[in-house]
Amino acid sequence: MPVKLPRVMTGAELQSMLKSSVNFKSLGGVRVPGLKLGEDKLKWWREAKVGMFIHWGLYSILGRGEWARFNERIPYAEYEQLASEFCPKDFSTDEWAQIASSLGANYMVMVARHHDGFALWDSPGSYLAFDSMHSAARRDFVKEFTASCRKYGMKVGYYYSPMDWRFPGYFDPERLKDNALLMKKQCYSQVNELVTRYGAPDILWYDGGWLAHKGSDTSSSWFWEPDRLNRMVREHAPDCVINPRSGWEGDFYCDEGSAEVSGKIITVPWEKNLCLCSGASWGWMEDDPVQDLDWLIRMLVNVICRDGNILWNIGPDRNGKISPEIRARIAEFGAWIKQNGEAIYKTRGGPVEPVDGVFGTTFSGNRVYVHILDKAAFGQMRLQGLNANVLCACAPDGAPVPFTQTEEGVKIDVSRLADSTDTIVRLTIDKEPIPTVSEVYFSGKQ
Ligand code: GLC
């Protein structure tokens with residue numbers, strides 16, 4: 001049966017529909033009928049809400065960010081030497097998975113290979129055998145990571161960069177075509193390895209589908225043929241959730257970085273990925289300040305009330321260790337999220353449109369969770385657009401919260417609730433809201 005393609009939307013219409021501060025990467029990806037997962041297959045991912053991202057590799061030895069090799073023009077021979085020093089002490093991916101679990105994450109995405117070309121697994125497809133099996137460590141870290149994720153009930157995600165700075169052809173694909181094609185061959189072999197050697201991954205997270213650092217992830221699709229690449233992925237991992245940054249449109253949209261999230265509920269699947277620290281680098285940097293708890297909670301609330309997922313990045317040090325400061329913040333955030341899990345996991349954003357800086361809602365079944373970020377401002381407002389009768393309102397501990405409902409909306413008296421970053425009120429309503437999902441394709445054209 002022919003697959004019906006969704007309506008095409010241009011960038012301008014997207015901006016107007018989103019009315020949001022999010023800035024999606026990789027608009028205009030190649031469309032391949034039938035390759036995208038349906039909502040049924042995305043359900044676990046949507047319900048999972050929180051993931052942990054890990055940037056760790058040779059660059060963690062230098063501690064100047066994962067772009068160090070490129071930014072500092074480190075010659076390949078010199079950078080390659082780092083592999084002979086790459087031998088983490090007392091390293092354990094179980095520890096990563098335990099930390100992810102204490103963060104409240106349900107999935108992990110590990111950088112399996114970044115733009116520097118160093119693969120963190122035993123990769124026969126790696127050009128010049130630049131992988132962890134041929135480093136001092138002689139270990140397959142992707143294998144260890146995958147086993148730990150499965151052991152601790154985390155879904156398994158791999159980040160993979162199609163491009164690789166080691167190839168001069170990356171910088172000049174027209175003139176150095178053969179070399180560029182060698183890089184493409186490596187990409188196909190390595191992606192094949194990632195989807196076949198350790199069981200099917202749950203998430204494939206591409207980054208770097210451009211050429212010569214120009215254009216966007218989608219403008220070099222003539223070269224990468226992401227439709228062919230991801231068809232191959234689907235053969236081995238039919239249910240894998242794939243991001244859009246290989247140049248194919250993907251299963252969800254990505255908003256990268258620490259910018260605040262505001263605006264309306266977003267009706268396409270999306271994920272905010274950002275650093276738990278300053279964001280100056282995704283890989284390890286000494287004394288990188290950790291964001292405060294309040295900021296982390298507000299970010300999470302702003303994302304989930306707009307129906308998104310959040311992927312928190314951390315950069316372990318050369319031994320794969322996560323600093324005590326980061327661990328402490330993770331423990332605090334995790335304790336908060338677990339205490340309020342009912343209003344977060346397995347919910348959807350809405351049904352009431354958020355008001356920036358004041359409140360947003362999530363819901364599950366006939367329960368609506370009002371996340372109040374500014375109690376004083378909220379006290380002056382009414383909830384509108386609920387389209388249901390409120391049967392009761394209560395605080396997370398079950399204590400009733402006074403409210404009145406009229407045609408103008410629902411007025412909730414939060415004055416007696418304790419102050420907190422996110423004051424949560426649970427409403428039980430007489431009708432189950434239905435999440436809004438738009439079948440649109442963002443062409444990226446203005
Ligand atoms: C940015 C960084 C890159 C990092 C990625 C994660 O694009 O430049 O190094 O891996 O964000 O989304």
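Whatever order the structure lists them in is the order used to number ligands and atoms, beginning at 1.
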Legend entry - Close N or O approach (H55, ligand 1; < 3.5 Å):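 Yes; the residue has a nitrogen or oxygen that sits under 3.5 Å from a nitrogen or oxygen of the ligand.
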Legend entry - Residue portion contacting ligand 1 (non-hydrogen atoms closer than 4.0 Å) for N313: neither
Inset, instruction - Specify side chain, backbone, both or neither for N273, according to which of its non-hydrogen atoms lie closer than 4.0 Å to ligand 1. - result: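 Only the side chain of N273 comes within reach of ligand 1.
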Inset, instruction - Tell me, please: is H115 in heavy-atom contact with ligand 1, that is, under 4.0 Å? - result: no
Legend entry - Full working for ring pair (Phe, Tyr, Trp, His ring centres under 6.0 Å) between H115 and Y170: CA-CA 11 Å; H115 312 330; Y170 164 70; 8.2 Å; no
List ligand 1 atoms under 4.0 Å from [X], heavy atoms only on the residue side.
X: Y159; value: 10 (O)
X: D207; value: 3 (C), 4 (C), 5 (C), 7 (O), 10 (O)
X: W67; value: 2 (C), 3 (C), 8 (O), 9 (O)
X: R245; value: 7 (O), 12 (O)
X: H114; value: 3 (C), 4 (C), 9 (O), 10 (O)
X: W205; value: 12 (O)

Inset, instruction - Specify the protein heavy atom at minimum distance from atom 7 (O) of ligand 1: its residue, its atom name, and the distance to 0.1 Å. - result: E256 OE2, 3.1 Å
Inset, instruction - Give the residue, atom name and distance (to 0.1 Å) of the protein heavy atom nearest atom 9 (O) of ligand 1. - result: E66 OE2, 2.6 Å
Legend entry - ring pair (Phe, Tyr, Trp, His ring centres under 6.0 Å) between Y206 and W248, intermediate numbers included: CA-CA 10 Å; Y206 295 106; W248 164 59; 8.5 Å; no
Inset, instruction - Check whether NZ of the Lys or CZ of the Arg R31 lies under 6.0 Å from the centre of the six-membered ring of Y441 and within 45 degrees of that ring's axis. - result: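 Here R31 passes the 6.0 Å and 45° test against Y441.
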Inset, instruction - Could you tell me whether R150 sits above the aromatic face of Y152, with NZ or CZ closer than 6.0 angstrom to the six-membered ring centre and within 45 degrees of the axis? - result: no
Legend entry - Nearest atoms (heavy-atom pairs only) where K375 meets D419: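 Heavy-atom minimum between the residues: NZ-OD1, 2.9 Å.
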Legend entry - Side-chain H-bond candidate by donor/acceptor type, Y369 with E342, under 3.5 Å: yes
Inset, instruction - Give me the ring orientation class for Y76 and F130: parallel if the planes are under 30° apart, tilted from 30 to 60°, perpendicular past 60°. - result: perpendicular
Inset, instruction - Check the angle between the aromatic planes of F70 and H213 and answer parallel, tilted or perpendicular using the 30° and 60° thresholds. - result: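 Because their plane-to-plane angle is over 60°, the rings of F70 and H213 count as perpendicular.
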